[in-house]
Number of protein chains: 2
Amino acid sequence: MKDKLKSIAIQLFYQKGYHACSISNIADRAGIQKSSIYYHYINKEELLYDILKETMDDLNKSLHEITTNIEGTEEQLKAIIRNHLNFHMERQKEVIISDSELRGLTADNLRSILRMRDDYDKKIKEIIKKGIDEGIFINRDPRVVTNAIVTMCTQTSTWFNPLGNLSKDEIIDIYTKMIFDGLKIKK
Amino acid sequence: MKDKLKSIAIQLFYQKGYHACSISNIADRAGIQKSSIYYHYINKEELLYDILKETMDDLNKSLHEITTNIEGTEEQLKAIIRNHLNFHMERQKEVIISDSELRGLTADNLRSILRMRDDYDKKIKEIIKKGIDEGIFINRDPRVVTNAIVTMCTQTSTWFNPLGNLSKDEIIDIYTKMIFDGLKIKK
DNA sequence: GCCTGTCTAACGGTCGGTCGGTTTACAAAG
DNA sequence: CTTTGTAAACCGACCGACCGTTAGACAGGC
């Protein structure tokens, strides 16, 4: 039932937003009374935190696997981009919640989630910095470049349609080429 | 007072989110009773709609000026990117609200805002398509390319710090170069 | 007989919104 | 120069609904 509640909460937080979705909404959809939810979660925020924590954990875990198993700066970055895109197109609801409902957290929980996000971004920034040092990437502010890449990939969660006529792999291909080689035909 | 209410609402909707911010919150900050707000706005949603409408109007107006005053596909796209980045770094609060609080709108108002957003995106897509036809941009799905560019530029609103050590112009420069030429040093 | 999970019932509080009445500003009339 | 009319702007009390949360009872399985 705890898992059921979580997946219902993901659906509803995504659809209506955290504050617009009440405990009763979730209970109704689960077929139980709203008071019964408090057997599984101490309060509404913990339900949100549980979702965000799990999502960030999974994302960080997948990044860790890449940086330990793949060699070569360019190949690493390519794998990171592929992974990030894949994650955000597969788990659209969770990542959209993660991006828009941080304000629903109290100070301690917020700090915990933000640190996970910072860790993630920092690892990517380090790889871009390494690429610049190795002379394979153009020397531009790594912070800005990281933000540009991460945010554009993250946002696929908001527009990707699993039933559309473009597959995830096709989108990953286009994004990767755009990030590495840009828009313009080389003269 | 109506303008004052709007700017307070922008601040609070941005800080706490639309649903987490009550009419009383806004009234308190404005130094009036909450009932007085209903003299200026028929309900809470109209206050949100007013913000979103004005923001999208201004954005669309700025785009229109570019497409009528600038010639050449590449120069147009460059100007569009500069304008989009500038707008989103200058009016961070409004555009963040525009991106995250659409769910607070009822059907009619939502449709109206979404149409403005679609118009905007469509114009950019057409220019990219034109660039592909003219042989200056690499032939990739214009829908995906547009989404990639627009979302990455939009998201500067979430991380740009006006007090940071990077100016808007520096960021615009990096973004433009990244979009047109990518990350990699050409061999 | 105890633990797990759910129930019913109720709590205090806040929400968006309404109502009738009051203040303010200002202009026309005397 | 004062009085009066009027509309804009605001107030304070109030509404029903719903919020998140708690307490305590109860049913079924180990």
Side-chain angles (χ1 to χ4, degrees), chain A residues 1-54 93 97-98 100-110 112-113, chain B residues 1-54 93 97-98 100-110 112-113:
Chain A
M1 175 56 77
K2 194 169 181 176
D3 285 347
K4 188 176 174 185
L5 288 175
K6 199 195 287 188
S7 78
I8 290 172
I10 290 172
Q11 176 65 32
L12 291 183
F13 289 169
Y14 161 72
Q15 265 180 23
K16 318 208 277 173
Y18 174 67
H19 279 105
C21 165
S22 71
I23 294 285
S24 339
N25 292 153
I26 299 169
D28 285 353
R29 181 93 48 123
I32 60 172
Q33 295 296 315
K34 65 174 176 171
S35 55
S36 304
I37 290 182
Y38 289 84
Y39 175 79
H40 303 282
Y41 290 98
I42 59 167
N43 56 28
K44 190 185 178 185
E45 187 192 341
E46 206 213 344
L47 187 44
L48 174 62
Y49 180 68
D50 195 18
I51 294 169
L52 302 184
K53 178 88 187 326
E54 192 192 30
K93 291 168 194 168
I97 296 171
S98 302
S100 60
E101 302 293 1
L102 290 180
R103 289 172 301 197
L105 297 174
T106 45
D108 282 352
N109 286 337
L110 177 62
S112 150
I113 298 292
Chain B
M1 175 57 76
K2 194 169 181 177
D3 284 348
K4 188 177 175 186
L5 287 175
K6 200 195 285 189
S7 79
I8 291 172
I10 290 173
Q11 176 65 33
L12 290 183
F13 288 169
Y14 161 72
Q15 263 180 23
K16 319 209 276 174
Y18 174 68
H19 280 104
C21 164
S22 71
I23 293 285
S24 335
N25 292 153
I26 298 169
D28 284 352
R29 182 91 50 121
I32 60 173
Q33 294 298 312
K34 67 171 178 172
S35 55
S36 304
I37 289 183
Y38 289 87
Y39 174 79
H40 302 281
Y41 289 98
I42 58 168
N43 57 27
K44 191 184 177 185
E45 187 192 341
E46 207 213 343
L47 188 44
L48 174 62
Y49 180 69
D50 195 18
I51 295 169
L52 302 184
K53 178 86 186 322
E54 191 191 30
K93 291 169 195 168
I97 296 170
S98 302
S100 59
E101 302 293 1
L102 290 179
R103 288 172 301 197
L105 297 174
T106 44
D108 282 352
N109 286 337
L110 177 62
S112 150
I113 298 293

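All heavy atoms count here, side chains included; hydrogens, waters and symmetry mates do not. Just so we're on the same page: letters track the sequence lines, and every chain starts at 1.
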Set of residues satisfying side chain to side chain contact (heavy atoms under 4.5 Å, CB included) with respect to [X], sequence neighbours excluded:
X: B:Ser22; answer: B:Ser24, B:Asn25
X: B:Glu46; answer: B:Tyr41, B:Ile42, B:Asn43
X: B:Tyr14; answer: B:Lys93, B:Ile96, B:Ile97

Quiz item: In whole angstroms, how far is the C1' atom of D:dC10 from the OH atom of B:Tyr41?
Solution: 16 Å
Self-check item: Spacing between B:Asp28 atom CG and D:dC10 atom P, to the nearest angstrom
Solution: 15 Å
Self-check item: For A:Ser112, all residues meeting side-chain hydrogen bond (donor to acceptor under 3.5 Å, both in side chains), sequence neighbours excluded
Solution: A:Tyr49
Quiz item: Please, which pairs that meet salt bridge (charged side-chain N to carboxylate O under 4.0 Å, His left out) have at least one residue in residues 3-28 of chain A, sequence neighbours excluded?
Solution: A:Lys6-A:Asp50, A:Lys6-A:Glu54
Quiz item: What one-letter contact string describes nucleotides 1-20 of chain C from 5' to 3', where B marks a base within less than 4.0 Å of any protein heavy atom, S marks contact via sugar-phosphate atoms alone, and - marks no contact?
Solution: ---SBBBBBB----SBBBB-
Quiz item: Which pairs pass side-chain hydrogen bond (donor to acceptor under 3.5 Å, both in side chains) with one or both residues in residues 31-40 of chain B, sequence neighbours excluded?
Solution: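 Checked against side-chain hydrogen bond (donor to acceptor under 3.5 Å, both in side chains) - neighbours excluded - no pair reaches residues 31-40 of chain B.
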Self-check item: B:Arg103: salt bridge (Lys or Arg N to Asp or Glu O under 4.0 Å) partners, not counting sequence neighbours
Solution: A:Glu101
Quiz item: Donor-acceptor pair, B:Tyr18 side chain versus B:Leu102 backbone, under 3.5 Å?
Solution: no
Collect all protein-nucleotide pairs involving nucleotides 27-30 of chain D in which both atoms are nitrogen or oxygen and the distance is under 3.5 Å.
none

